[in-house]
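Structure first, commentary second.
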Amino acid sequence: MLKAIYPGSFDPVTYGHLDIIRRSSKLVDELIVGVLCNKAKMPLFSVEERVRILEEVTKDLDNVRIVPFHGLLVEFAAKMGAGLIIRGLRAITDFEYELQMSQTNHKLEPNVETMFLTTGIEYSYLSSTTVKEIAAFGGDLSQFVPEAVAVELMKKINTKGECNK
Ligand code: ADP
């Protein structure tokens, strides 16, 4: 049984992430979306909120499971019994960091391989950071995230208030 981990912050999940989730879920028996709990990154959504949102938008995918994690990715992979890490590659700017990460992970745990899926061309510009910026200025989010995510974003931004007052 081939089990893979697709790790990330998903703060929040975008159509770019969902494209990778859908495509990679067809390649493996079970896909675990690992939601990184890293307070140092100062996420907009708590890890519990990110897990809940991901569960909502992937509910039609039977072999996808959402699991929060903290600490080393290779340790999480070992705990889950997964020998494969999936990452998405957008542009050349992602490449250097991803190369370093995959080689480091391979050194730490030679039994874990990393596989890259290149982004769908229509999502190559898309990042969670851009989506949060558009939301903060009240822009139309419909091309970037599912409706459920847009609703959560607007709620969060309205609670935080303008300029975090
Ligand atoms: P991280 O903080 O680990 O980079 P992200 O949530 O930003 O977490 O991204 C998780 C994974 O999804 C990474 O492999 C990233 O390259 C990929 N990814 C992010 N945005 C897109 C996109 N628009 N298209 C394809 N892959 C993406």
Side-chain angles (χ1 to χ4, degrees), residues 3-28 30-58 61 63-77 79-80 82-106 108-109 112-136 139-150 152-153 156:
K3 221 190 243 194
I5 307 254
Y6 175 43
S9 306
F10 307 104
D11 186 41
V13 58
T14 68
Y15 278 135
H17 296 125
L18 280 172
D19 178 48
I20 302 287
I21 292 174
R22 269 178 207 289
R23 285 160 54 204
S24 52
S25 71
K26 290 190 195 137
L27 303 174
V28 297
E30 186 180 15
L31 181 71
I32 296 165
V33 179
V35 185
L36 181 65
C37 177
N38 179 1
K39 294 225 167 76
K41 273 202 165 184
M42 306 265 281
L44 180 63
F45 291 97
S46 69
V47 72
E48 294 80 11
E49 289 169 325
R50 284 177 276 144
V51 167
R52 181 172 49 74
I53 296 170
L54 272 157
E55 279 171 349
E56 170 66 25
V57 297
T58 59
L61 300 171
N63 66 338
V64 173
R65 192 149 57 105
I66 318 296
V67 181
F69 79 101
H70 58 87
L72 277 182
L73 175 58
V74 285
E75 281 177 9
F76 175 59
K79 197 173 113 193
M80 293 286 121
L84 187 64
I85 293 168
I86 308 266
R87 293 286 288 176
L89 273 183
R90 279 165 294 190
I92 199 76
T93 40
D94 279 341
F95 182 75
E96 215 161 314
Y97 172 73
E98 294 295 342
L99 183 70
Q100 193 182 12
M101 282 296 296
S102 69
Q103 287 174 340
T104 308
N105 285 334
H106 200 255
L108 289 170
E109 182 46 78
V112 174
E113 294 291 350
T114 303
M115 197 168 83
F116 296 101
L117 293 191
T118 52
T119 177
I121 210 98
E122 64 274 44
Y123 306 123
S124 57
Y125 60 88
L126 193 52
S127 73
S128 299
T129 306
T130 317
V131 164
K132 283 182 277 195
E133 276 169 13
I134 297 168
D140 176 13
L141 294 167
S142 58
Q143 296 178 64
F144 311 121
V145 295
E147 174 68 19
V149 180
E152 293 288 343
L153 261 168
K156 183 66 85 178

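Numbering starts at 1 and runs along the sequence shown. Numbering of ligands and ligand atoms starts at 1, following listing order.
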Which is it for Tyr15 and ligand 1 at heavy atoms under 4.0 Å: side chain, backbone, both or neither? neither
Closer than 4.0 Å to some heavy atom of Lys41 - which atoms of ligand 1 meet that? 1 (P), 2 (O)
Could you tell me whether Thr119 and ligand 1 have an N or O pair separated by under 3.5 Å? yes
Residue that, paired with Val35, satisfies side chain to side chain contact (heavy atoms under 4.5 Å, CB included) out of Glu49, Arg50, Glu48: Arg50
Per-atom contacts, ligand 1 versus Gly16 - under 4.0 Å to a heavy atom: 22 (C), 23 (N), 24 (N), 25 (C)
Checking heavy atoms under 4.0 Å, the part of Pro7 that sits near ligand 1 is backbone
N/O donor-acceptor pair under 3.5 Å between Arg87 side chain and Pro7 backbone: yes
Would you call Phe116 a ligand 1 contact, heavy-atom distance under 4.0 Å? no
How would you list, by chain and number, every residue that makes a ring pair (Phe, Tyr, Trp, His ring centres under 6.0 Å) with Phe10, sequence neighbours excluded? Tyr6, His17
Non-neighbouring partners of Phe76 that pass ring pair (Phe, Tyr, Trp, His ring centres under 6.0 Å), sequence neighbours left out: Phe69
Which of the numbered atoms in ligand 1 are under 4.0 angstrom from any heavy atom belonging to Phe10? 6 (O)
Check for a donor-acceptor pair, side chain of Asn105 on one end and backbone N or O of Val112 on the other, with a separation under 3.5 Å. no
N/O of Gly8 under 3.5 Å from N/O of ligand 1, yes or no? no
Quick one: look at Ile20 and ligand 1, take heavy-atom pairs under 4.0 Å, and tell me if it's side chain, backbone, both or neither. side chain
